[in-house]
Amino acid sequence: MPSKLVSIEEARTRVLAEAAPLPLETRSLVEALGAVLGEEIVAPHSVPPFDNSAMDGFAVRAADVVDANADSPTALLISETIPAGHMAKHRLGPGEAAKIMTGAPLPGGADAVVQSESTREEGSRVLVLESVRPGRNIRRSGEDVGRGDLVLAAGSVLGPAEIGLIASLGLPSVQVHRLPRVAIISTGSELVEVDQPLGPGQIRNSNSYSLRGQCLQLGIQATALGIVPDDYAATRELIEQGLTYDVLLTSGGVSVGEFDFVKEVQDELGVERRLWGVAMKPGKPLAFGVRDGTLVFGLPGNPVSAMVSFELFVRPALLRLMGYRKTTRPPYRAIIAEDVVNSDGRTYVVRVRAWREGSIWHVSSTGAQGSGILRSMVGANGLAFVPGGPRGVRAGEEVEFLLFREDLQEP
Ligand code: AMP
Ligand code: MG
């Protein structure tokens, strides 16, 4: 290992220094969730495009019903019924009301809508049981978006509401940063694919599944290039193939073992190393570099190390490539439920269950924390950071943590 490990923050800074937003592409709105806009969205028309009723009821002239109340209702003549999607046929005259449905265009002459609960229909007349102020229950043309408004700036992340708003403006596609193409290679002569029988000394390739899952959570469909045995030539061949992607993730083979060829192959293929070794556990062996715009991550092989390294370094890089400005999760502070000993100098990244009591966050270790114990990630919704030092932390003390799953928050 290198003599000088860099901190998690420094490692992330070096990774992000190499990651710039990818070029724009036109994407259909239905596929744009989570993408980052590369253009301004300016409204070609108003939303709503016309004044319409916010209620089922009667469109009236407010002046006609100023004296209306339940004891002495005002009777108006029903001029017509206006369903949603239809224009009124008549302009409202004095003493008239038009029956109107939610979303239907307001007839000319009307300046308010009385909701149907405050009316009683009697044949061709309606009795209005309360007065309304002008403008009541009317959705004005342009009250959501005015024609020419800048509704979304370049750099906006498209969530469901943003996509709905763009749809309301009649724009079926948008300019967004394209998604990174990501390749995953699993190194290790002991690995077999998930559907293969286990021979002596073999284990299953789980990393390509967890890493692909982590990519998919960002909307990225990564390509698994398969397993490569710990053989120099084979490793070189597959890594060379992986270098045609925007991002290459290898797992394993990056330590100091006799058959760990990943770093050597990276060097051989001209990958410029920016990082080697992070002062954390798990996840110390991380070899990151670049070649011709490809970000090359040599992730550790241990299943937990690979996932934690993805969360802390690969995820921010992928988000930056996608055009995100904010690439890291917010740091929270929590009370830790147990003592954590951390006597060496590295930051201990503890897989935790985080929950909130009132406004106070609490975290508790998910159990055995070995870097090969994937069950420490199962049921975890956070990573807590216990600084290196002589003593670690004691139960009841504060630690920093990040929340990576919103759906698991029970104690
Ligand atoms: P390495 O970094 O290659 O020394 O691997 C460290 C540990 O992680 C070893 O015990 C490997 O068997 C294990 N490992 C490596 N790659 C994978 C993988 N794709 N899936 C599951 N375990 C792996
Ligand atoms: Mg290996």
Side-chain angles (χ1 to χ4, degrees), residues 28-33 37 40-153 156-174:
S28 83
L29 220 41
V30 286
E31 288 176 344
L33 185 71
L37 260 187
E40 289 185 338
I41 301 291
V42 174
H45 61 69
S46 302
V47 181
F50 48 87
D51 291 352
N52 67 91
S53 179
M55 289 281 179
D56 293 324
F58 286 86
V60 300
R61 300 149 61 106
D64 284 352
V65 296
V66 276
D67 298 325
N69 61 60
D71 296 329
S72 114
T74 301
L76 299 172
L77 196 65
I78 301 175
S79 61
E80 64 178 316
T81 297
I82 315 169
H86 294 264
M87 296 305 288
K89 295 192 180 68
H90 307 288
R91 191 182 165 80
L92 213 59
E96 288 182 342
K99 191 170 186 177
I100 191 164
M101 309 301 143
T102 304
L106 212 65
D111 61 2
V113 170
V114 184
Q115 63 183 65
S116 49
E117 292 84 341
S118 304
T119 65
R120 209 161 58 232
E121 241 179 290
E122 287 190 342
S124 59
R125 300 189 320 161
V126 59
L127 300 180
V128 176
L129 307 176
E130 70 177 27
S131 63
V132 283
R133 271 201 282 273
R136 181 90 185 124
N137 296 326
I138 292 175
R139 299 191 289 221
R140 289 290 173 204
S141 165
E143 75 173 19
D144 189 353
V145 176
R147 180 165 182 239
D149 281 359
L150 169 64
V151 289
L152 292 169
S156 303
V157 177
L158 299 180
E162 285 75 12
I163 288 174
L165 185 61
I166 295 170
S168 76
L169 297 171
L171 305 170
S173 59
V174 277

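Since the structure is predicted, the reported quantities are computational estimates derived from the model, not experimental observations.
Once rounded to the nearest 0.5 Å, the distance linking NZ of Lys99 with OG of Ser79 reads 12.0 Å. The distance from atom CD of Glu130 to atom OG of Ser118, rounded to the nearest 0.5 Å, is 3.5 Å. Annotation: the span from Glu31 atom CD to Ile163 atom CD1 amounts to 10.5 Å, rounded to 0.5 Å. Atom CG of residue Leu106 and atom CZ of residue Phe50 lie 10.5 Å apart, to the nearest 0.5 angstrom. The CZ atom of Arg136 sits 13.0 Å away from the CG atom of Asp111 when rounded to the nearest 0.5 Å. Note that CZ of Arg120 and CD of Glu122 are 5.5 Å apart. Values are rounded to the nearest 0.5 Å.
Under the 4.5 Å side-chain criterion, counting only non-hydrogen atoms from C-beta, Leu169 is in contact with Val47. Leu165 has its side chain within reach of Asp144: a pair of non-hydrogen atoms, C-beta onward, lies under 4.5 Å apart. With contacts defined as side-chain heavy-atom distances shorter than 4.5 Å, the pair Met101/His86 does not qualify. No side-chain heavy atom of Leu129 sits under 4.5 Å from any side-chain heavy atom of Asn69. When side chains are defined from C-beta on, Arg125 does not count as touching Leu76, because their heavy atoms never get closer than 4.5 Å. Inter-residue side-chain proximity for Val113 and Ile100 is flagged as met; some heavy-atom pair is nearer than 4.5 Å. Counting heavy atoms from C-beta on, the side chains of Leu33 and Pro160 come closer than 4.5 Å. For the pair Val145/Asp149, a side-chain contact is recorded, criterion being any heavy-atom separation below 4.5 Å from C-beta on.
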- Apply side-chain contact (heavy atoms from CB on, under 4.5 Å) to Glu121 and Phe58, showing your working. CA-CA 10 Å; Glu121 241 179 290; Phe58 286 86; 3.8 Å; yes
- Item | side-chain contact (heavy atoms from CB on, under 4.5 Å) between Val174 and Ile41, intermediate numbers included | CA-CA 9 Å; Val174 277; Ile41 301 291; 4.1 Å; yes
- Item | Test side-chain contact (heavy atoms from CB on, under 4.5 Å) applied to Leu171 and Leu29, step by step | CA-CA 8 Å; Leu171 305 170; Leu29 220 41; 5.6 Å; no
- Message: Is there a side-chain contact (heavy atoms from CB on, under 4.5 Å) between Ile138 and Ser53? Walk through the geometry before answering.
- Response: CA-CA 5 Å; Ile138 292 175; Ser53 179; over 6 Å; no
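Side-chain contact, Thr102 with Asp56: a donor N or O sits under 3.5 Å from an acceptor N or O.
Counting all heavy atoms, side chain and backbone alike, Ala97 lies closest to Val126 at CB-CG1, 3.9 Å. Heavy-atom minimum distance, Ala112 versus Ala62: CB-CB, 4.3 Å. Minimum heavy-atom separation, Ser46 to Arg147: OG-N, 3.3 Å. Contact detail for Ala98 and Leu92: the closest heavy-atom pair is N-CD1, 3.7 Å. Taking each heavy atom of Pro83 and Thr81 in turn, the nearest pair found is CD-O, 3.5 Å. In plain terms, the two heavy atoms of Pro105 and Ile82 that are nearest each other are O-CG2, 3.9 Å.
Comment: Glu96 does not engage Arg61 in a salt bridge, judged by the lack of any side-chain N to carboxylate O separation of less than 4.0 angstrom. With salt bridges taken as basic N to acidic carboxylate O contacts below 4.0 Å, one links Asp51 and Arg140.
Remark: Glu117 pairs with no residue by the salt bridge (Lys or Arg N to Asp or Glu O under 4.0 Å) rule, at least two apart or across chains.
Remark: side-chain polar atoms of Ser156 are paired, donor with acceptor, to backbone N or O of Ala153 under 3.5 angstrom. A donor-acceptor pair under 3.5 Å is absent between the side-chain atoms of Glu162 and the main chain of Leu152, judged by distance alone.
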